[in-house]
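Here is the structure we will look at.
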Amino acid sequence: MTTRSCPCGLPEAFEKCCGRFLSGAAAAPTAEALMRSRYSAFVRGDAAYLLRTWHPRTRPARLDLDPGMRWTGLEVLGTTGGSAFHTTGTVTFRASYRGGSLDERSRFERVDGAWVYVDGDVED
C-alpha cells in the first residue's frame, strides 16, 4: 500500500475510493463498499463515520478507538447480497493488525436507502 492508496486494499487513491464516503460526498453503493469504508475509518481513527454508518438499532452511544491500534490490511473473503438490488447483505473479511488478525462476518441493512452496519460474528 502506498501512502496515497486506499487503506481498504483497492488500488485507487483514498480520495477516489473510500475517502468520498468518509467525507459524505457519496454514499457506499454496496454492503462491501460500506464495509471497506468502515475499515478505512478504523485505520484513520474516524469514529464519527463509524457511528454514522452503524444501524440505529445496534449503534453504541459512543465509540472509543484505540489510538495505538495499527491496522495493516484487509481481505474480503466473501459476500452475500448487499448489492443495489438487495436490502440486506453480509461481508466476511479478515482485517489484519500489528500482532494478529480479526475474521468477522458482518451483517448490513439498508436504512432510508443507505447501507449501514448492523452487527457481526467474530470467527475463530
Side-chain angles (χ1 to χ4, degrees):
M1 181 169 78
T2 67
T3 56
R4 296 193 42 124
S5 64
C6 193
C8 82
L10 295 178
E12 293 188 62
F14 172 73
E15 294 76 21
K16 290 188 176 189
C17 194
C18 293
R20 60 198 169 114
F21 306 138
L22 273 70
S23 72
T30 64
E32 180 180 338
L34 180 65
M35 190 280 308
R36 287 181 178 278
S37 71
R38 286 176 56 83
Y39 172 82
S40 293
F42 274 104
V43 170
R44 298 174 69 88
D46 190 342
Y49 179 77
L50 293 166
L51 289 170
R52 200 167 58 246
T53 58
W54 211 309
H55 196 293
R57 181 177 74 237
T58 57
R59 179 188 309 135
R62 60 183 256 209
L63 185 61
D64 297 318
L65 300 178
D66 178 355
M69 180 64 113
R70 295 293 174 252
W71 296 99
T72 59
L74 177 67
E75 180 183 1
V76 173
L77 304 173
T79 63
T80 60
S83 77
F85 303 105
H86 299 102
T87 57
T88 63
T90 65
V91 180
T92 304
F93 65 91
R94 175 172 296 126
S96 299
Y97 55 89
R98 190 180 305 146
S101 65
L102 167 75
D103 288 22
E104 182 176 309
R105 181 175 181 265
S106 294
R107 284 177 285 282
F108 298 87
E109 291 180 12
R110 285 188 186 267
V111 172
D112 298 328
W115 285 106
V116 292
Y117 170 78
V118 178
D119 60 16
D121 296 320
V122 174
E123 302 187 357
D124 296 326

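For reference, positions follow the sequence shown, starting with 1.
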Can you tell me how far the OG1 atom of Thr79 sits from the CE atom of Met35, to the nearest 0.5 Å? 9.5 Å
Looking only at heavy atoms, which two atoms of Pro56 and Val111 are closest? And how far apart? CD-CG2, 4.4 Å
From Leu77 CG over to Arg105 CZ, what is the distance, rounded to the nearest 0.5 angstrom? 12.5 Å
Decide whether Thr90 and Thr80 meet the rule of one side-chain donor and one side-chain acceptor closer than 3.5 Å. yes
Evaluate whether atom CZ of Arg44 has more than 12 neighbouring non-hydrogen atoms of other residues, nucleotides or ligands under 6.0 angstrom away. no
Do Met69 and Tyr97 have side chains that approach each other closer than 4.5 Å (heavy atoms only, starting at C-beta)? yes
Residues at least two apart in sequence or cross-chain that pass salt bridge (charged side-chain N to carboxylate O under 4.0 Å, His left out) with Arg94, listed by chain then number, are Glu75, Asp103
Rounded at 0.5 Å granularity, tell me how far CD in Glu32 sits from OG1 in Thr92. 10.5 Å
List the atom of Cys8, the atom of Ser40, and the distance in Å for their closest heavy-atom pair. N-OG, 3.5 Å
Does the side chain of Leu102 reach to within under 4.5 Å of the side chain of Val122, using non-hydrogen atoms? yes
For Tyr39 and Ala95, which heavy atoms make the closest approach, and how far apart are they? CE1-CB, 4.0 Å
Please tell me if the side chains of Pro7 and Phe14 come closer than 4.5 Å, counting only heavy atoms from C-beta onward. yes
Show the nearest heavy-atom pair for residues Cys17 and Glu12, with the distance to one decimal. CB-CB, 4.0 Å
Tyr117 and Phe108: which non-hydrogen atoms are nearest, and at how many Å? CA-CD2, 3.6 Å
Taking only residues two or more places apart in sequence or in another chain, which ones pass side chain to side chain contact (heavy atoms under 4.5 Å, CB included) with Ala13? Arg4, Glu15
Closest approach of Trp115 and Pro29, non-hydrogen atoms and distance? NE1-O, 3.3 Å
Taking the six-membered ring of Phe93 (Phe, Tyr or Trp), confirm whether the NZ or CZ of Arg36 is under 6.0 Å from its centre and within 45° of its axis. no
Going by atom types only, do Ser106 and Glu104 share a side-chain donor-acceptor pair under 3.5 Å? yes
Spell out, yes or no, whether Leu10 and Leu34 are grouped together once hydrophobic residues are joined by side-chain heavy atoms under 4.5 Å, including indirect joins. no
Contacts under 3.5 angstrom, residues 47-55 side chains, donor-acceptor by atom type, not counting sequence neighbours:
unit_1, atom_1, unit_2, atom_2, d
Tyr49, OH, Ser37, OG, 2.6
Arg52, NH2, Leu22, O, 3.1
Thr53, OG1, Arg38, NH1, 2.8
Thr53, OG1, Tyr49, O, 2.9
Thr53, OG1, Leu50, O, 3.3
Trp54, NE1, Thr58, O, 3.4
Trp54, NE1, Thr58, OG1, 3.4
His55, ND1, Arg57, N, 3.0
His55, NE2, Arg57, NH1, 3.4
His55, NE2, Glu109, OE1, 3.3

Can Val116 be reached from Val91 by stepping across I, L, V, M, F, W or Y side chains whose heavy atoms are under 4.5 Å apart? no
